[in-house]
Amino acid sequence: MSRSHKKSHKRNNESSSLGKKKEKSKKKHKKHSNHKNEHRKHHSKKTKKKNKLSKRKEEAIKKKLLVKKMYMIISAFLISFILYIGVFFFMFSIGKMDGYSMIPTLNNKEVVAVNRRKNIARFDLIYMNTPNGKGKSVRRVIGIPGDEISFKDDELFINGNGKEEKYLIGKKKSLGSMILTDDFTLDEVTGQTKVPNDSYFVLGDNRKSSTDSRYYGFVSKKEVIGRVDLRIFPLSKFKVF
């Protein structure tokens with residue numbers, strides 16, 4: 001074999017070995033890149049899972065906080081409501097209008113809240129045991145202890161001074177020229193010129209059809225349950241007096 005032939009053969013062998021090495025390196029590189037890609041994919045999957053888990057944890061924490069807030073709000077509301085009910089029933093009792101003596105202020109069977117802790121003043125509505133023994137009802141205080149009372153030409157006079165009954169303005173307008181309260185003096189209907197101590201003189205707002213102190217006399221303070229502050233039923237007619 002000639003030298004030139006040997007050299008070419010050697011070159012061929014070297015080139016083929018280089019080619020093989022290149023192929024091997026390419027394969028290795030490909031495997032390595034594939035491995036890298038797989039590793040990246042695996043890492044990205046793990047990252048996504050972690051992100052999902054962290055989002056779920058955040059959502060769970062948010063839900064817990066929201067539930068906690070709602071629980072606190074509901075608890076505060078219930079405690080306030082219970083306290084309000086407790087205070088209400090400590091100070092108030094429930095009463096019911098009996099009859100038609102207080103029309104138009106109150107109608108028969110309407111339910112009222114009665115404040116047991118308040119002092120009674122002139123023109124207050126009171127819930128009381130009726131002196132004639134016929135249960136409980138509502139009337140308006142016209143005279144307090146020491147008052148001299150009379151009606152003249154449908155006008156109230158207390159201790160000689162005219163007093164406007166604002167709560168009857170609408171009723172009087174509806175009657176036109178008719179008189180709502182007939183003339184009388186305290187002495188004529190009770191036999192006394194002044195309201196005694198520890199007593200009240202009461203009238204119904206429906207003066208023409210009311211049973212009140214003109215018929216059964218003074219109402220003792222002991223028979224007064226309390227002052228009517230609210231109409232609570234029917235709800236459509238809720239009112240503060």
Side-chain angles (χ1 to χ4, degrees), residues 25-129 135-141 166-170 200 205 221-241:
S25 65
K26 279 181 182 179
K27 285 180 180 179
K28 279 183 181 180
H29 182 71
K30 197 173 183 180
K31 281 183 181 180
H32 183 68
S33 62
N34 287 336
H35 180 70
K36 273 187 176 180
N37 289 332
E38 285 175 6
H39 180 71
R40 282 174 186 167
K41 285 179 181 177
H42 182 68
H43 183 70
S44 64
K45 283 181 181 178
K46 277 188 175 180
T47 307
K48 283 179 181 178
K49 282 183 180 178
K50 282 182 181 178
N51 289 335
K52 282 182 181 178
L53 287 170
S54 63
K55 281 181 181 178
R56 284 176 186 172
K57 282 181 181 178
E58 283 178 8
E59 285 176 0
I61 290 165
K62 283 179 182 178
K63 282 181 181 178
K64 282 182 181 178
L65 288 171
L66 185 63
V67 169
K68 195 174 181 180
K69 281 182 182 178
M70 290 297 293
Y71 176 76
M72 288 174 71
I73 290 166
I74 291 166
S75 298
F77 174 78
L78 287 173
I79 290 166
S80 300
F81 181 73
I82 290 164
L83 287 171
Y84 176 79
I85 293 296
V87 170
F88 180 86
F89 281 104
F90 176 73
M91 292 185 65
F92 291 84
S93 60
I94 302 300
K96 186 164 68 173
M97 178 62 203
D98 182 25
Y100 304 92
S101 293
M102 288 303 296
I103 292 173
T105 307
L106 287 170
N107 290 301
N108 188 37
K109 306 299 183 185
E110 289 185 342
V111 180
V112 294
V114 181
N115 191 332
R116 302 192 304 268
R117 307 285 169 179
K118 286 288 185 179
N119 293 325
I120 306 301
R122 192 184 290 120
F123 304 133
D124 281 346
L125 297 177
I126 59 170
Y127 190 58
M128 64 183 198
N129 296 307
K136 301 175 176 64
S137 197
V138 179
R139 294 293 185 273
R140 192 179 295 278
V141 173
K166 293 179 181 179
Y167 43 86
L168 294 179
I169 290 172
Y200 298 112
D205 287 354
K221 286 184 178 180
K222 292 179 182 178
E223 300 302 320
V224 177
I225 299 163
R227 188 183 74 184
V228 176
D229 280 358
L230 306 166
R231 173 168 51 206
I232 57 177
F233 189 84
L235 292 174
S236 60
K237 296 176 74 176
F238 180 87
K239 185 178 179 180
V240 179
F241 294 109

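Source: prediction; values computed, not measured.
- Two residues are said to be in side-chain contact when any heavy atoms from C-beta on lie closer than 4.5 Å; Phe92 and Ile232 fail this criterion.
- More than 12 heavy atoms of other residues, nucleotides or ligands shown are found within 6.0 angstrom of CZ on Phe238.
- Note that CG of Asn115 is 13.5 Å distant from CD1 of Ile126, once rounded to the nearest 0.5 Å.
- Taken to the nearest 0.5 Å, the CG atom of Leu125 stands 11.0 Å off from the CZ atom of Arg139.
- Contacts of Lys96 classified as side chain to side chain contact (heavy atoms under 4.5 Å, CB included), with partners at least two apart in sequence or in another chain: Lys109.
- Screening Asp229, Leu106, Ile94 for a side-chain contact (heavy atoms from CB on, under 4.5 Å) with Val112, the sole residue that qualifies is Leu106.
- Other residues, nucleotides and ligands contribute at most 12 non-hydrogen atoms within 6.0 Å of the OH atom of Tyr100.
- Looking only at distances, a side-chain donor or acceptor of Arg231 sits under 3.5 Å from a matching main-chain atom of Thr105.
- Under the side-chain contact (heavy atoms from CB on, under 4.5 Å) rule, Asn107 has a single partner from Met97, Lys237, Met102, which is Lys237.
- Between Asp205 atom CG and Ile103 atom CD1 the span is 10.5 Å, to the nearest 0.5 Å.
- Counted within 6.0 Å of CZ on Phe241, heavy atoms from surrounding residues, nucleotides or ligands total more than 12; the atom is thus considered enclosed.
- Asp124 approaches Asn119 most closely through the heavy-atom pair OD2-O, 4.0 Å.
- The CE atom of Met128 sits 15.5 Å away from the NZ atom of Lys221 when rounded to the nearest 0.5 Å.
- Contact check for Val138 versus Val114: no side-chain heavy atoms found under the 4.5 Å cut-off.
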